[in-house]
Structure formats: C-alpha cells, structure tokens
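Reading through the structure tokens given below for one structure.
Everything numeric here is computed off the predicted structure, so don't read it as measured data.
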Amino acid sequence: MYSIMNIISVILSVVLIFLGLLLIKKNNKIINKIGNWFEEIVKKFYKVFILLLLLLTIFTSVFKITSLPYGLHVDEAGLAYDAQAIEKYGVDRYLRSYPIWLNNYYGSQSSMYAYLVILLIKMFGFSKLVLRMPAAIFRVLIFVFMYWILRDEKDKFKPLLFAFLFTICPYFIMQSRWALDCNLLVGFLTISECILIKSIQKDSTKLLILSGICFGLSLYTYALSFIILPLILLLTCIYLLYIKKLNFKKLVLFGIPIALLAIPLMIMLLINNGFMEEINGFITIPKLVGYRGSDLMLPNFVENAYILKSIFSADNEEIFHNVYWYNAVPEFGTIYYMTIPFFIIGFIYGIKKLVKSIKEKKFDINAIFVFWFIAVLFCMFMVKIPTIHRANAIFAPMVYFSAMGIYIAFEKVKAVIIPIGLLLTINFGMFMNFYFTEYNQKSEGVYLFATTYLTALDYVKTLKREKVYLDQLLTSEEYIYVLLDYQISPYDYDTEHIVGEYEGTAIEYNFIESGKWIVLEKESAYVAGPDEWIAQRFANEGFKCEEFGIYRVYYYESD
C-alpha cells in the first residue's frame with residue numbers, strides 16, 4: 001500500500017509541475033482566484049500556522065519517546081553509561097577524567113551529546129527520557145533558527161513552507177527520538193550557519209564571532225565534522241571575501257574561536273597518529289582504543305554513488321547486510337519521495353542564485369545552502385561506508401531546497417500549493433500511522449538495537465540464579481546493558497565478569513563468546529541468541545526456554 005501511494009505521489013508531483021507550467025501560459029482566472037484566496041488565508045493566519053507547526057514538531061519529537069524506538073541502541077547504552085559515570089565519578093568507563101572525546105567499545109564516540117546529557121542529569125536525574133531529550137531539543141532548535149533567517153514580512157511563504165516540510169519530514173522525526181551522538185551535527189551546523197547568515201545580513205561582528213563559536217562546538221558532535229566543516233568554511237569564506245561581505249579583520253575574528261576550540265581535537269589527532277602521548281589530567285585528551293582515521297579515503301564517486309539514492313530513500317540492505325531502520329524506512333524515504341522533483345528544482349534554483357550572486361557581488365542565502373549540501377555530499381564520497389546517519393548534516397539543506405522547489409511552483413501558480421499540500425499531508429498521515437503503530441513491531445531485532453535484552457535480563461532476575469552466562473551476541477558489548485541496569489561503578493567492573501545485586505542477592509554475570517558454551521550448569525541461567533543448534537543443545541539437557549525477541553533465556557528447573 002505504501003509503495004503504491006509513493007508512486008502515485010511522485011507521479012502527481014510531476015503532473016502538478018507540468019500542469020503549473022501549462023497554467024502559466026493559459027493564465028486561468030479561476031485558478032488565479034483560488035490561489036489568491038489561499039494566499040490571503042495564509043497571510044491572515046500566518047502566526048497561527050507557525051505556532052501549530054512548532055507544537056507539532058515538539059509533539060512528534062517527544063510523544064512516546066521512551067518506548068519508540070523500542071529498546072536501546074548499543075551506542076545509546078554506551079553514551080548513557082559514560083554520561084552517568086562522568087556525572088557521578090568524574091570519569092568515563094575507561095577511568096578517563098572528563099575526556100574531550102569518548103572511547104566507545106572498540107571505536108570512538110563524540111562527546112557533545114554525552115555532556116549535554118550530563119547537564120540534564122544534574123537537573124532531572126537520569127532516565128531514558130533525559131537520555132533522548134537532547135535529540136528532541138535540537139530538532140526544535142533547527143525549526144526556530146531556520147524560521148529566524150527565513151522570516152520575511154513581505155513574503156511569509158518561504159518560512160512557512162520550510163516549517164511545514166521540516167515538521168512532517170520522516171528523517172527529522174526519526175532522528176530526534178533517540179540518542180545517536182553524531183545526529184547532533186545537523187543541529188549544531190544549522191545553528192552555526194543561521195547565525196552566520198544573520199551576521200552577514202546585519203553586518204554584525206558579534207554575531208559573526210558567535211557563529212565561529214558555534215562552528216567550533218560543532219566539531220565535538222561528530223568526527224566527520226573534521227572534514228565537513230573545513231570544506232563548508234573554505235567555500236563560504238572564499239565566497240564572502242569575493243563579494244566583500246567579509247574582510248581580513250572579520251575573517252580573523254570569525255576564525256579565532258573555531259581555531260581555539262579545534263586545538264584540543266588537533267592534539268587528539270596527533271596523539272592518535274603516534275606523535276604524542278595521551279594527556280591525562282582533570283581533562284583527558286585520549287588515545288582512542290579504535291582510532292577510525294582509516295575510515296576515510298580519497299573520493300570514490302563510483303563505489304559510493306549509492307549514497308545519492310540513500311539520502312532520498314533508505315540505507316540499502318544489500319550493501320550493509322542489515323536494515324538500519326533507525327535512519328529511515330524505505331516505505332516513505334527520508335523526506336517523502338514526492339518531494340524529489342521539487343528538491344531538484346530548488347537545488348537548480350539555488351545554483352542559479354549562487355552564480356548570479358557571484359556575478360553581481362551581492363550576498364544570497366542560497367549560496368550558503370549550496371556550499372553546505374555540496375560539502376557534506378563530497379565528504380560522503382570520502383567515507384568508506386557512507387550511511388544516512390553519517391550524512392545527517394545534509395538533510396537541513398535538502399529540506400530547504402525541497403521547500404524552495406515548492407515555493408517556486410507556488411510563485412508561478414499559487415493554486416498549485418493546495419494539491420501539493422494535501423499530498424504531503426496525506427503522506428505525513430500515513431507515515432505517522434506507520435511509525436506509531438507498525439514501526440516497533442517491524443523493526444524488532446534490528447541490528448545493534450537490544451530491543452528486548454533488558455526484558456530478558458529482568459526475567460533472569462526473577463529466576464534467582466547466583467550465576468548467569470551472557471552470550472555476546474550484538475557486537476560483543478552486551479556488558480554495557482548490565483552496567484546500566486545495576487548502576488555498576490566504572491571502578492568495579494571488567495568486560496568479562498560483573499557482579500550485581502538484586503533484592504539482596506548477588507548475581508554473577510559472565511560474558512562469553514557467542515555460542516561457546518563449554519559446560520552447561522543446571523544451577524545457572526543463560527541468555528543466548530537465536531541459533532537453533534544452541535537451542536537444541538539446551539533442549540537435550542532438559543533446559544526450559546523463554547523467548548524475548550532475538551534473545552532466549554535458558555534455565556533448568558527440576559520437577
């Protein structure tokens with residue numbers, strides 16, 4: 001059903017574009033009258049519409065946020081434990097004092113999200129709501145800052161169209177509901193770019209410096225920002241210098257906060273490339289367990305071409321051998337398939353405005369969004385495995401250009417906005433129905449999401465066994481869920497053996513490599529994966545089994 005609806009929506013979008021071109025030539029009075037009537041309605045209730053969209057943005061970000069998506073992603077769990085440990089003990093799970101970057105299992109994790117969670121923990125205590133709240137907050141901030149720069153008393157449709165499309169956008173709804181650290185990049189980058197645009201429009205040095213601070217902080221949201229931000233800033237600064245909206249003095253004032261905030265990260269890169277030793281003190285500049293500099297390569301425009309499809313649809317299961325349901329769902333894509341023709345129109349329009357701006361040496365906001373989109377896309381060709389979450393910074397300019405494409409259609413024939421709006425509203429309604437009723441069931445067992453692991457652990461507690469063996473099923477990191485569940489001190493655990501206490505009884509948890517059960521102890525309990533040969537072995541020994549999604553709890557109970 002969803003596929004049919006998407007095909008119909010795309011066809012109707014194209015038809016509406018060509019119909020609009022036809023109506024321009026015909027100059028139909030009835031159509032014009034309907035368009036003018038709609039325009040007056042929007043002008044009259046403009047503030048009401050913006051407020052309703054803001055409230056809808058908040059609602060779609062926080063409604064059932066603790067249970068949808070269901071479970072806890074392994075990176076969410078790692079971030080949550082480190083945030084709690086730093087807040088309580090001043091060290092992360094590896095006993096590093098206030099690290100500027102986190103070690104996450106055998107890789108790394110940006111630190112900005114964790115420190116925002118720490119601030120919220122200090123105010124409200126820890127909960128799953130607190131863990132996911134920064135993602136929701138930054139979606140609202142994107143709405144506010146984009147409205148701030150697009151607002152124009154003479155033209156209310158640009159900010160309204162962006163606000164509408166952003167509010168109903170599947171990608172932004174989904175990414176605002178769980179704690180993936182890298183997803184903060186799109187929020188920080190949007191704030192930085194918007195303040196920069198306003199500083200140019202108002203010729204404000206204070207705003208320019210504030211923009212530099214925000215760009216510098218953006219570096220702590222995601223490692224790929226080390227590539228994306230320099231590309232954006234290089235293109236933007238060359239452009240602003242050429243059109244004389246930036247001079248050497250302002251460039252220095254803009255660059256100083258970025259450089260100062262980048263210095264610790266530059267030192268970290270030197271440490272992880274063998275030029276320096278790890279710096280330990282009140283603040284740690286760490287040597288990462290799994291430095292991921294090798295993830296970058298020279299641009300490969302052939303092998304990575306699939307990202308051009310992914311950013312409109314979903315991550316390709318055939319490429320990744322897993323469905324990244326937490327990024328996007330193929331039924332609806334990232335920004336609805338029907339917006340693709342309008343994105344193309346909007347992006348071409350943005351290029352034209354950029355060229356005109358350069359020729360006339362006059363600042364144009366479209367130039368910033370063109371540079372932004374190109375820089376992120378180019379970076380995706382330099383990443384060995386580009387995915388939607390790695391390209392998260394690209395979606396703000398994508399929504400902007402899609403809104404601009406619809407705006408151009410509206411400018412030509414005002415009445416065309418009515419069927420476009422209805423089609424988008426229908427798509428949004430179908431997506432909401434799918435997401436809030438079907439998504440959890442369809443995505444159960446999704447890669448890296450321990451959707452039912454904590455439920456299995458809760459059941460194990462009721463068995464009252466003193467020893468529990470845990471199958472390392474996900475990425476050999478299930479121990480993190482036990483640390484979270486029992487609030488184990490970072491000073492008191494290792495990744496193979498953890499002791500927690502439940503109702504006054506000590507429970508010894510032992511982690512073993514997936515499936516390698518040497519001896520089955522009838523007095524112990526086991527949490528394992530779905531492998532049938534493991535199930536058969538337990539069955540042969542008379543163990544009972546309880547299933548919790550992709551996990552199974554095995555235990556022996558004598559009659």
Do V140 and L54 make a side-chain contact, defined as non-hydrogen atoms from C-beta onward lying under 4.5 Å apart? yes
Exactly one candidate in I406, L424, L165, I408 meets side-chain contact (heavy atoms from CB on, under 4.5 Å) with F342; the answer is I406
With F347 as partner, the option from W372, F373, F369 fulfilling ring pair (Phe, Tyr, Trp, His ring centres under 6.0 Å) is F373
Note: L189 and I228 closest approach over all heavy atoms is CD2-CG2, 4.5 Å
What one should report as the nearest heavy-atom pair of Y220 and S110 is O-CB, 3.4 Å
Problem - Donor-acceptor pair, side chain of S211 and main chain of L207, under 3.5 angstrom - result: no
For F282 and S97, the nearest pair of non-hydrogen atoms, with its separation, is O-OG, 2.5 Å
So, the side chain of T334 versus the backbone of Y171: is there a donor-acceptor pair under 3.5 Å, distance only? no
Please check this pair: side chain of S310 against backbone of D315, looking for a donor-acceptor N/O pair closer than 3.5 Å.
no
- Tell me, do L150 and L161 make a side-chain contact under 4.5 Å, heavy atoms counted? no
Taking the side chain from T339 and the backbone from S402, do they hold a donor-acceptor pair closer than 3.5 Å?
no
>> Taking the cut-offs as 6.0 angstrom to the six-membered ring centre and 45 degrees off its axis, would you call R390 and Y222 a cation-pi pair?
In response: no
The reported gap from CG in L241 to CZ in F248 (rounded to nearest 0.5 angstrom) is 10.0 Å
Inset, instruction - Assert yes or no for the condition that the ring centre distance of Y407 to F157 is strictly below 6.0 Å. - result: no
(message) Less than 4.5 Å apart, side chain to side chain, heavy atoms only: is that true for N104 and R93?
(response) yes
Exercise for the section: Assess the side chains of R139 and N183: does a donor N or O sit below 3.5 Å from an acceptor N or O? Expected result: no
Would F431 and M174 satisfy side chain to side chain contact (heavy atoms under 4.5 Å, CB included), going step by step from the backbone distance to the final call? CA-CA 11 Å; F431 173 71; M174 293 178 66; 4.0 Å; yes
- prompt: In terms of heavy-atom contacts, does CD of E360 have more than 12 from other residues, nucleotides or ligands at under 6.0 Å?
  reply: yes
* Do L79 and V117 have side chains that get closer than 4.5 Å, going by heavy atoms? -> yes
Would you check if the side chain of T236 reaches a backbone N or O of L233 as a donor-acceptor pair within less than 3.5 Å? no
For a side chain to side chain contact (heavy atoms under 4.5 Å, CB included) check, start with the C-alpha distance between F138 and I191, then their side-chain angles and the critical distance, and finish with the verdict. CA-CA 9 Å; F138 270 83; I191 294 169; 3.9 Å; yes
d(L253 CG, I209 CD1) to nearest 0.5 Å is 5.0 Å
query = Hey, do the aromatic rings of Y435 and F332 have their centres closer than 6.0 Å?
reply = no
**Request:** May I ask you to decide whether R132 forms a salt bridge with E76, counting only side-chain N to carboxylate O separations under 4.0 Å?
**Result:** yes
Look at the rings of F162 and Y400 and say which category their plane angle falls in: under 30° parallel, 30 to 60° tilted, over 60° perpendicular.
tilted
For F395 and I311, the nearest pair of non-hydrogen atoms, with its separation, is CE2-O, 3.2 Å
Requested in this report: Find out whether S313 and P330 are in side-chain contact, i.e. whether some heavy atom of one side chain is under 4.5 Å from a heavy atom of the other.
Outcome: no
Rounded to the nearest 0.5 angstrom, the CG-CD1 distance for N327 and I388 is 5.0 Å
Here the gap from F301 atom CZ to L377 atom CG, rounded to the nearest 0.5 Å, amounts to 8.5 Å
Self-check item: Intermediate values then yes/no, side chain to side chain contact (heavy atoms under 4.5 Å, CB included), L116 and L184
Solution: CA-CA 11 Å; L116 291 175; L184 279 186; 3.8 Å; yes
Could you tell me whether W101 and F226 have their ring centroids closer than 6.0 angstrom? yes
Donor-acceptor pair, D181 side chain versus Q109 backbone, under 3.5 Å? no
task: Determine, for F363 and K245, whether the Lys NZ or Arg CZ falls below 6.0 Å from the six-membered ring centre while staying within 45 degrees of the axis.
output: no
On a heavy-atom basis, the closest approach of P170 and G333 is CB-O, 3.6 Å
Worksheet item: Just checking, is any N or O donor in the side chain of S357 or Y239 under 3.5 Å from an acceptor N or O on the other one?
Response: yes
Would you check if Y94 and L102 make a side-chain contact, meaning some heavy-atom pair closer than 4.5 Å?
-> no
### Task
Look at the side chain of S176 and the backbone N and O of A136, then say whether any donor-acceptor pair between them is shorter than 3.5 Å.
no
L231 and F378 have their tightest heavy-atom pair at CD1-CD2, 3.8 Å
Is there a side chain to side chain contact (heavy atoms under 4.5 Å, CB included) between N366 and L354? Walk through the geometry before answering.
CA-CA 6 Å; N366 287 280; L354 167 62; 6.0 Å; no
When rounded to the nearest 0.5 Å, the distance separating CG of L308 from CZ of F381 is 4.5 Å
Margin query: Aromatic contact between F172 and F166, with the criterion being ring centroids under 6.0 Å apart: yes or no?
Written below: yes
Q | Close side-chain approach of K250 and L240, heavy atoms under 4.5 Å | A | no
Give a yes or no on whether the backbone of I118 and the side-chain of E87 come within a donor-acceptor separation of less than 3.5 Å. no
- Item | T167 side chain vs T57 backbone, donor-acceptor pair below 3.5 Å | no
Interatomic distance, CZ@F164 vs CZ@F428, rounded to 0.5 Å, equals 8.5 Å
For T60, does its backbone N or O pair with a side-chain atom of R177 as donor and acceptor, under 3.5 Å? yes
Would you say Q175 and N392 make side-chain contact, with heavy atoms under 4.5 Å?
no
Q: Output, in order, the C-alpha distance, side-chain angles, deciding distance and verdict of salt bridge (charged side-chain N to carboxylate O under 4.0 Å, His left out) for D203 and K198.
A: CA-CA 8 Å; D203 193 22; K198 191 60 72 172; over 6 Å; no
H389 and Y326 aromatic ring geometry - parallel, tilted or perpendicular at 30°/60° bounds:
tilted
